[in-house]
Amino acid sequence: MTVAPTNHGLLTDKEGAGFPGCRILVDGQEKDQPFTVLSFVQRYLDPLQKKARVCFQTKDGKISKIWPEPVAPSEAQKVIDAENAAGDARQAANDAYVKELAGAPKEPKYIEVPAKPLPKETAPAIVPAVGKFNEKIDLIKAKIAPDCTDTEFELLMYMANKYGLDPLVHQIWAVKYQNKPALIFAGRDGFLEIAHRSGYFDGMEAGTREEYEDIIGWCKVYRKDMSHPFYVEVYLKEYLKPLTAGQRPGPWQTMPRVMIQKVAESSALRRAFSVSGLYCPEEIS
């Protein structure tokens, strides 16, 4: 299959009279020229601003693809990328610790709240030690960690105490998938609870946009002690799974923008507040 060559140029004008397309000063040429776009390409042309650098491909003399020309990252973006990389490294180290903790043999059935003080930006845990619920332990376990082993349940309660989330109001819970290790989940509102309680949360922005025939969810999270926000983008195609025969449409099919924005918000909040070992169910399902 022959791939059309990619052209580069400056977008000088859009949508002339009776002319569905644009004018582009192609690199290496002295004068801009008109181009007609294929009908499905118009929506990618509309967001582009005049005087913007663009890349485009043509088919039968018409523009079949057009997109903004990538630019070198700014110094501010380099700082953000470095912060995100550092956050990813911390998260990987913490995930490894949690896995090690889950696999270690333990004699006590109930976990105790750690005696050492919590970090400065983390408020005291609101979840009491599991030992205080001895007489109702089976009921609690059935509600927030059905089918989990004692070790998995202890790990869940450790994470609840670590981040100050209350499993009895469904801020954190565990799900067992067949014979695999249990996964511990926190909803987006649980991550917001951690952010608000830290004292450093300075707001967030989130939304979706369409680009390259995909829906992209994005989120910016601001901290009072940092000069640059944490920014995350996620692509719907990476999370949307095709329906099997006889399967009814779910939220991902009926509310794709809501779902992919929720993933972006959860991911950005985790990075901004160094939350490790917890994911929202939308990222996994």
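Heavy-atom basis, side chains included; hydrogens, waters and symmetry copies ignored. Small disclaimer: the values here were computed from a predicted structure and weren't measured.
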Within this structure, what is the [atom1]-[atom2] distance for the pair [X] and [Y], rounded to the nearest 0.5 Å?
X      : Y      : atom1 : atom2 : value
Lys262 : Met255 : NZ    : CE    : 7.0 Å
Met159 : Leu156 : CE    : CG    : 9.0 Å
Asp147 : Lys176 : CG    : NZ    : 8.5 Å
Lys51  : Leu25  : NZ    : CG    : 9.0 Å
Asn7   : Phe56  : CG    : CZ    : 4.0 Å

Apply side chain to side chain contact (heavy atoms under 4.5 Å, CB included) to Trp252 and Tyr239, showing your working.
-> CA-CA 9 Å; Trp252 280 102; Tyr239 291 87; 3.7 Å; yes

If you measure only the distance, is there a donor-acceptor pair under 3.5 Å linking the side chains of Thr151 and Glu154?
-> no

Please report the C-alpha distance between Gln57 and Thr6 in whole Å, then the side-chain angles of each, then the deciding distance to 0.1 Å, and finally whether the side chain to side chain donor-acceptor pair (under 3.5 Å) criterion is met.
-> CA-CA 5 Å; Gln57 296 177 352; Thr6 298; 3.1 Å; yes

Is the shortest heavy-atom distance from the side chain of [X] to the side chain of [Y] under 4.5 Å?
X      : Y      : value
Met204 : Leu192 : yes
Val54  : Leu48  : yes
Lys50  : Thr12  : no

With respect to Ile216, which candidate in Glu210, Glu233, Gln261 satisfies the side-chain contact (heavy atoms from CB on, under 4.5 Å) definition?
-> Glu233

Would you find a donor on one side and an acceptor on the other, under 3.5 Å apart, between the side chain of [X] and the backbone of [Y]?
X      : Y      : value
Thr149 : Glu152 : yes
Tyr163 : Ile172 : no
Asp166 : Leu168 : yes
Gln253 : Gly250 : yes
Lys59  : Lys65  : no
Arg43  : Glu213 : no
Ser198 : Ala195 : yes

Are more than 12 heavy atoms from other residues, nucleotides or ligands located less than 6.0 Å from atom CD of Gln247?
-> yes

What heavy-atom pair brings Pro146 and Ala174 nearest, and what distance separates the two atoms?
-> CD-O, 4.1 Å

Note: Gln42 and Gly21 closest approach over all heavy atoms is OE1-N, 4.4 Å

Tell me whether the centres of the aromatic rings in Phe273 and Tyr200 are closer together than 6.0 Å.
-> no

Salt-bridge contact Asp225-Arg223 (side-chain N to carboxylate O under 4.0 Å) | yes

Would you mind checking if Arg53 and Asp27 are paired as a salt bridge, meaning a charged N to carboxylate O distance below 4.0 Å?
-> yes

Please test Glu205 against Tyr222 for side chain to side chain donor-acceptor pair (under 3.5 Å), starting from the C-alpha separation and ending with a verdict.
-> CA-CA 9 Å; Glu205 300 174 275; Tyr222 299 87; 2.5 Å; yes

